[in-house]
Amino acid sequence: MKRALCVVVAFIAATTVFAQQKRAFTIEDLYRVKGISDLALSPDQRSLAFTVSTTDLPRAKRSTQIWIMNADGSNAHALTQGNADSSPRFSPDGKEIAFIRENDGDTNLFLLPLGGGEARQLTHISTGVSDPLWSPDGKWIAFSTDVYPECNGDDACNKRIADRWSKGKLHAHMADALLYRHWTEWRDSKATHVWLADVESGETHDLTPGTDDYPPFELGGPLQYAFSPDSTELAVASNHDPDPQSSTNNDLFLISLTTPKASPR
């Protein structure tokens, strides 16, 4: 894996051309450097998917596409042509890649067949998608999204409330508890929930309704939810202490995927 990553870094560096004479390193030089991230290994360990980000400094635009290459560093090429594609994830059988694409401010899951063909949009939700995870049997993809708990999984309701916040005459943020803002993003009474997408039909539903965050806010680290090996349960971390802002007491909760509307236990 380290060798493959070094090959990717060398490949990206080789695509950047600098003048031969000695001179000061400029902001233009910095933005000519391409960035790579989201390295994913195929199930057969023969291929690597990753993202390549480029910057158009005069236009102040940044674009990110998904690339793929052989594990030995050969045959590197772009898989997608979108402006904001991220989080490539190989399906368990290695025949598809799931990824997140941003269009007009909305982020949703797309599936791209590696045998040829166009990417198809899997989810159509207004709250956005992050951290996709395939189930071992390839039938489901779990992801996290920030929703309004009172909507109880109704995306139309989430969109109405979001539009009221963003398009209303009153531009304000209200909070009655701490943890009301993460970096530059206001929570505005939203909660992080884990949702499940059916790979065949594209249907989605909320696995963790309520006001608690599943999973809680994390400053990096591994994904905080995982499927059981037989794909019948999902384990997810959550903090149910009365004052989660003063506690790091995360517990594990199990959710049955074979029982309709099962509550986390």
To the nearest 0.5 angstrom, please state how far the CD atom of Glu200 sits from the CG atom of Leu111.
-> 12.0 Å
Do Asn83 and Ser63 get their side chains close enough for a donor-acceptor pair, meaning under 3.5 Å?
-> no
With a cut-off of 6.0 Å (strictly less than), are more than 12 heavy atoms of other residues, nucleotides or ligands near CZ of Arg46?
-> no
Under the 4.5 Å side-chain heavy-atom rule for ILVMFWY, direct or indirect, which residues accompany Tyr180?
-> Leu178, Trp186
Pairing of Lys61 and Asp56 as salt bridge, 4.0 angstrom limit = no
CD1 of Ile255 to CG of Leu207, rounded to nearest 0.5 Å, is 5.0 Å
Take atom CD in Glu118; do more than 12 heavy atoms of anything else shown fall under 6.0 Å from it?
-> no
Separation between CH2 of Trp140 and CZ of Phe227, rounded to the nearest 0.5 Å = 8.5 Å
Same hydrophobic cluster for Phe253 and Val194, using side-chain heavy-atom links shorter than 4.5 Å among ILVMFWY?
-> yes
Determine whether Val199 and Ile125 fall in the same hydrophobic cluster, where Ile, Leu, Val, Met, Phe, Trp and Tyr are linked whenever their side-chain heavy atoms lie under 4.5 Å apart.
-> yes
Please determine if Glu233 and Arg265 form a salt bridge, counting it only when a charged side-chain N lies under 4.0 Å from a carboxylate O.
-> yes
Determine whether Leu39 and Leu41 fall in the same hydrophobic cluster, where Ile, Leu, Val, Met, Phe, Trp and Tyr are linked whenever their side-chain heavy atoms lie under 4.5 Å apart.
-> yes
Output the distance between atom CG (Asn249) and atom NE2 (His240), rounded to the nearest 0.5 Å.
-> 10.5 Å
Should Phe143 and Trp134 be counted in the same cluster of Ile, Leu, Val, Met, Phe, Trp and Tyr side chains packed under 4.5 Å apart?
-> yes
Distance in Å, Ile97 CD1 paired with Ser91 OG, rounded so as to fall on 0.5 Å steps | 8.0 Å
So, are Arg23 and Asp29 salt-bridged, with charged N and O less than 4.0 Å apart?
-> yes
So does Arg160 pair up with Asp155, basic N to acidic O under 4.0 Å?
-> no
Trace of the side-chain contact (heavy atoms from CB on, under 4.5 Å) decision for Leu196 with Leu257 = CA-CA 9 Å; Leu196 201 64; Leu257 303 180; 4.0 Å; yes
Measure the acute angle between the ring planes of Phe99 and Phe110, then classify it against the limits of 30° and 60° as parallel, tilted or perpendicular.
-> parallel
Nearest 0.5 Å please: distance from the CD1 atom of Ile68 over to the CG atom of Leu112.
-> 8.5 Å
Sorted by first residue and then second, give each disulfide (SG to SG under 2.5 Å) pair with at least one member in residues 70-127; sequence neighbours left out.
-> none
Within the distance-only criterion (no hydrogens, no angle test), does the side chain of Thr192 pair as donor or acceptor with the backbone N or O of Pro215 below 3.5 angstrom?
-> no
Same apolar cluster: Val52 and Leu48, side chain cutoff 4.5 Å | yes
